[in-house]
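Per chain, numbering begins at 1; letters A, B, ... match sequence-line order. Hydrogens, waters and symmetry mates play no part in the numbers below; they use all other heavy atoms, side chains included.
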Amino acid sequence: MSKNPSSMPPAFDPQAIEAGWYARWEKEGLFTAAAKSKKPKYTICLPPPNITGELHMGHALNHTLQDICARYRRMAGYEVLFLPGMDHAAIATQNVIEKQLAAEGMTKEQLGREAFEARVNEWYAEVGDTIVSQDRILGASLDWSRLRFTMDPRYVRAVMTAFVSFYEKGWIYRAPRIVNWCPRDRSAISDLEVKWQVHDDVLFFIKYPIEGGGDVMIATVRPETMLADTGIAVHPTDDRYKHLIGKTAILPLVGRKLPVVGDEAVEKDFGTGALKVTPGHDPMDYEIGQRHSLEVVNGMNPDGSMNVPGLPYDGLPALEARRHVVEDLKAQGLLVKEEPYTHEVGHCDRCDAVIEPLISEQWWLRMEVMRDKALEASAAGKVRWHPDRYERTYLDWLRGLRDWNIGRQLWLGHRVPVYYCDNGHQLVAVERPHECTECGSTTLTQHPDVLDTWFSSALWPFATLGWPEETGDLEAFYPNNMNSTAREIINLWVSRMIMTGLEFMGEAPFADVAIHCQVQAADGRRMSKSLGTGVDPRGLITKYGTDAVRAWAASVAMSSQDVRFDESRVEGYRRFCNKLWNATRLVLASAGDATVAPPAPQALEDRWILSRLSRTSAAVTAGIEGFKFQDSMAAAYAFAWNEFCDWYLEAVKERLRSGDVVAQGVALSCLDHVLRLLHPTMPFVTEELWSRLPGRRDFLMRAAWPDLQSADPEAEETFGQVMAIVEELRGHRQAAGAPPRGGMLFLDASTDRTVAALAARLSWTELSPDALDAGIPLGTRPGRVSFPVAAGDSRNKAQLKRLTSDLEKTEAQLANPEFRANAPFDIVRKLEERAAEIRAAIDRLST
RNA sequence: GGGCGGCUAGCUCAGUUGGAAGAGCGCCAGCUUGACAUGCUGGAGGUCGGGGGUUCGAAACCCUCGCCGCCCACCA
């Protein structure tokens, strides 16, 4: 890394500079956290990415945010652990592999369990590598020495320990209940894994005969489930039907006797007001059945086919059975009518199959105690949400929390640590027991169920640190400090981490939760591979560089609304990188390797830019600390481009060229600090440029975070006058059609001579010692400008018009006695000053 | 059925306790300015979704309507 500025090509090339830095940081051990460090700790456990195999926009966004926090805290003096990991994502992975197999004309059953597992492990290895390499490209400063996987033996032990602990508290039990059954995965899934989709179906109206004469009509969209009906329910106060309560209906096609019961859960106004009760296949029916002791009939096999022995529909897939049932009802004259009906149907989040609610015996985890602790923690302000409205989302869900179905009937995942001996005794243990503790039998079988993926994810903030062992990492880095995720997994994941953290560690796992926005495709649709609307961040990185993509991520991520992807914004940040690059070139061309400490700045532009730098550093810091990364980005961007480059560098170019050490020193100091301020967001270009500054031996990555307290309001006010004059002069020049340079400027004695000189220099005019007879009067200060060509005054006319209209508005407000009576004094005074200024400007322009 | 978010310039979005409407991109015009044409300068463009209200003053607070989008929810 030569410091010779001539070695810097005029164009910033992200590929060229990004290549080496990540490896250098890593080699230097800058990502590795020291548990024994005396510094305050800051921990982020990166949410384990779902095994999709590819980095998508959500990761780019989410990982960038966390990396910003991690890098910022390192610079601010913290010992930072940013821990990477991967999740086995049982149901998702199983689906991916099954799809691969299907493409090869195979099923997992044909392959066999062992070969299937081998194949899965290959996949994990491959995808793991991909994810790791993608985070490197993204520049995420992760501690790879602590990479964790939920299937690592140590992690598995943590999962088992949690299960056993819950079991010993009596919170885990096994019971039959209506669950969401995915017939394709042949597993139960939780309520949170069900996605509802609108279906256009048919509502069938069917007559059930009543014993002793008459009939009752019900409505259903799933006639095939009637084969498992065990009752009829009506509302107890429904005059149309209440005389039927206690009587018996005969189930068509089956002949089963169905008690008619009265239950308040029935809506009188919906359908026919009479409800067929199918406790084995509908959650509400199940509850009605429980209240009235109705029989539970399971009419469906795990693969979704009908389980109705003795009937002609036995073994048929549900939809086929539906057709036959409808035909047969029609033939018997029991199908009264069909109506189109639009409603929502549950689908499996992972494989999209239609969910069949059915009765099934499952492992359940009682949540009351953990829920209450989580609620208390929130009430005590232990967990802060950003944006804060998500706290309500979380609390609402928490309050309505029911027992968690933690069992899955999959091939992949953590096996439930429950064993049975051949005498029927049940054992629950972290390690597989050698013999039954009750009878000594050594023939033990493990329960076939695995755990919900989210059961293991819930332990992430401490299981990754070695829990249940009391490791140094756990001691040093728990609790974590922040967690950043997409809002769709607030309930699936964040809430559960909070609950288990409180339960096992006695402390919330993190103090801050950041929920980033969702990036939509440019047309507002969801970004998805299947829709073809996805944008691959790696393509963007290749095109614009990592820093540009990260800067874009920072600028949109905490948006209060979801954002539509706009590539031109990414491109804009690449240009910003180029701007920083060239600003550095300019300064280095003058300063070279000089490292002399400059004397204290006296010049107005020096004092001004240092003051602006100080304010910028405060704004950038506040933005990161307040999870408003867009504010940080905007502040640094505006300072670097619109103040440092546009004004300061233009003002000191001559001084730099002539070797003015003060200007060199100030410019270098601005660069040094703005690179520090931008480093968390744009690590590569800043590290590269910083390394080229004179006297740099170390990494920017571990340089100190700026804490500047040198605001100079007087310099800002005075330099503001310069800017106003220069801007006006530029306007006149263009309106007059004058060449870019040349012209005479006169500013009377009321304008400070420093201001006048600087304004003349920056506007490429010559300062005239004497008043000008001809020329254009100025609005900003008393004075005139004349250009070498005949000047039109069209601009002054337009300006006058605008000023006059402004003055009218301002005076109208000031003339309102109520305004004067009610508005704070400061506001009134400001308005009066403004009116005076406008009047003065009008005066000057009219002369 | 509940709840939340959004509607601001042609586009994508900012707008921090109410006190002169902003940025980037795009558009128009002018500039081979000794860092950068990935640049510089000037400019056009908005009755802040509609309608009420509170207030001296509303993009911002309240009500209401209209569209988008999301989350939660056992009405067949």
Side-chain angles (χ1 to χ4, degrees), chain A residues 5 8 10-12 178 191-192 196 203 218-222 225 233 265-267 269-272 274-278 282-287 341 343-344 357 387 389-390 392-393 396-397 400 487-488 490-491 517-518 520 522 524 526 544 555-556 559-569 571-590 622 626 628 630-631 634 637-638 642 645-646 649-650 653 656-657 727 730-735 737 739-741 764 795 798 806 809-810 813 816-824 826-828 830-831 834:
Chain A
M8 289 180 76
F12 160 72
I178 291 278
D191 292 346
L192 292 173
W196 296 86
L203 191 59
I218 59 88
T220 180
V221 281
R222 299 168 71 212
T225 64
V266 180
E267 288 286 333
D269 298 333
F270 190 84
T272 64
L275 175 70
K276 75 193 226 2
V277 185
T278 322
D282 184 282
M284 187 174 92
D285 290 14
Y286 181 77
E287 281 171 24
Y341 183 60
H343 65 145
E344 294 205 321
R389 69 188 130 91
Y390 286 113
R392 239 191 83 180
T393 308
D396 284 349
W397 179 79
R487 61 170 175 266
E488 63 196 15
I490 290 174
N491 298 333
C517 76
Q518 204 98 46
Q520 302 168 339
R526 201 183 166 89
Y544 303 109
S555 72
V556 302
S559 170
S560 62
Q561 60 181 321
D562 289 342
V563 295
R564 297 185 174 201
F565 179 65
D566 180 3
E567 189 167 331
S568 74
R569 284 183 72 171
E571 193 182 352
Y573 286 114
R574 184 189 58 177
R575 292 212 274 250
F576 180 55
C577 292
N578 186 61
K579 194 71 181 174
L580 293 172
W581 180 266
N582 277 291
T584 307
R585 278 181 77 216
L586 174 68
V587 175
L588 290 186
S590 148
K628 292 185 171 179
Q630 67 277 19
D631 292 356
Y637 183 102
N642 305 120
C645 290
D646 288 351
L649 289 181
E650 290 305 326
K653 262 181 182 172
L656 287 177
R657 222 169 277 147
E727 275 164 356
R730 285 173 183 159
H732 287 311
R733 188 188 289 284
Q734 296 243 353
R741 297 184 179 192
W764 298 100
R795 183 184 147 98
D806 281 356
K809 269 189 269 178
T810 312
Q813 199 175 352
N816 180 353
E818 290 191 279
F819 169 71
R820 286 185 176 279
N822 293 306
D826 273 357
I827 299 294
V828 178
K830 250 168 77 178
L831 211 62
R834 192 189 307 153

**Residues forming a ring pair (Phe, Tyr, Trp, His ring centres under 6.0 Å) with A/Tyr341, sequence neighbours excluded** = A/His343

**Request:** Can you sort out the partners of A/Asp562 under side-chain contact (heavy atoms from CB on, under 4.5 Å), two or more places apart, ordered by chain and number?
**Result:** A/Arg487, A/Cys517, A/Gln518, A/Gln520

**Complete:** Residues passing the side-chain contact (heavy atoms from CB on, under 4.5 Å) test with A/Trp397, sequence neighbours excluded, are A/Leu192, A/Leu401, A/Asn491, A/Ser495, A/Arg496, A/Met499

**Prompt:** Across the strands shown, which category fits A/Gln734 at heavy-atom distances under 4.0 angstrom: base, sugar-phosphate, nothing?
**Reply:** base

**Bounds of contact between RNA chain B and chain A, in 5' to 3' order, using a heavy-atom cut-off under 4.0 Å** = B/rG3 to B/rA76

**Prompt:** Say you pick atom P in B/rA44 and the same atom in B/rG53; how far apart are they, in whole Å?
**Reply:** 34 Å

**Asked** Between A/Lys830 and A/Gly271, which has a closest nucleotide on RNA chain B that is more 5'?
**Response** A/Lys830

**Request:** Pick the C1' atom in B/rA20 and in B/rG46, then give their distance to the nearest Å.
**Result:** 16 Å

**Asked** Between atom CG of A/Asn582 and atom CZ of A/Arg575, what is the distance when rounded to the nearest 0.5 Å?
**Response** 13.5 Å

**Request:** Could you say whether A/Ser559 or A/Cys645 is positioned toward the 5' end of RNA chain B, judged by the nucleotide with the nearest heavy atom to each?
**Result:** A/Ser559

**Item:** Set of side-chain contact (heavy atoms from CB on, under 4.5 Å) partners for A/Ala274, sequence neighbours left out
**Value:** A/Val216, A/Ile218, A/Val234, A/Tyr241, A/Thr272

**Prompt:** With A/Glu650, which residues qualify under salt bridge (Lys or Arg N to Asp or Glu O under 4.0 Å), at least two apart?
**Reply:** A/Lys653

